[in-house]
Amino acid sequence: MGMFFNLQLNSLEDLLLVELNDLYSAEQQLCDALPEMMEAATSPLLKAAFKSHLQETQRQKSRLEQIFVDLGKPAKNITCQAMKGLIAEGSEIISAEGSDEVRDAALIGAAQRVEHYEIAGYGTARTFANQLGYDNVVRLLQMTLEEEAQTDKKLTQLAEENVNVHASQKFGSSS
Ligand SMILES: [Fe+2]
């Protein structure tokens with residue numbers, strides 16, 4: 001949730017807008033952070049996954065802009081504090097010393113935390129929009145929700161089949 005001054009929650013519509021602004025800030029922050037994560041990844045498969053998710057994230061951000069237009073409510077300039085924290089944790093991994101393989105495994109963990117935050121936010125916003133009968137908004141939010149779930153799945157697969165395997169083969173134990 002972002003930092004709103006005088007947060008007004010008098011209606012479900014107010015709450016939907018709070019959720020949408022939170023997600024918009026989250027996507028914006030992620031667009032700025034993903035190039036660094038891509039740079040930091042060693043596995044070519046992980047680099048490629050971050051690259052394609054960056055392009056997807058840019059589209060998701062535009063989709064939210066479309067929603068604000070549909071609703072006739074301009075986006076607010078707020079900061080999603082949760083995403084800020086998740087990205088800060090990702091930065092700690094990027095600047096960590098140690099093995100490339102283990103850092104890749106850690107980057108996947110950080111990226112999946114981001115996806116889960118977004119999945120929770122989009123699911124909640126979609127449900128509110130549905131309640132309010134905003135069918136087009138529901139459709140757009142559902143699209144993004146499915147993409148985020150797909151990304152999460154892809155990252156799990158990449159970890160299980162590739163990155164974690166390399167990390168454990170070379171550095172299974174630190175003792
Ligand atoms: Fe996203």
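One is the number of the first residue; the rest follow in order along the sequence. Remember, it's 1-based here, ligands and their atoms both numbered in the order they're listed.
Within a radius of less than 2.8 Å around the Fe ion (ligand 1), the protein N, O or S atoms are Glu27 OE1, Glu27 OE2, Gln60 OE1, Glu118 OE2, Glu148 OE2.
Note that CG of Leu140 is 11.0 Å distant from OG of Ser62, once rounded to the nearest 0.5 Å. Going from atom NE2 of His166 over to atom CD of Glu101 covers 8.0 Å, rounded to the nearest 0.5 Å. Note that the CG atom of Asn21 and the NZ atom of Lys73 stand 11.0 Å from one another [nearest 0.5 Å]. The structure places OG1 of Thr79 at 10.0 Å from CG of Asp22, a figure rounded to the nearest 0.5 Å.
Side-chain contact annotation: Tyr134 with Glu13, donor-acceptor N/O pair under 3.5 Å present.
Without hydrogens or angle criteria, Lys61 side chain to Gln28 main chain gives no donor-acceptor distance under 3.5 Å.
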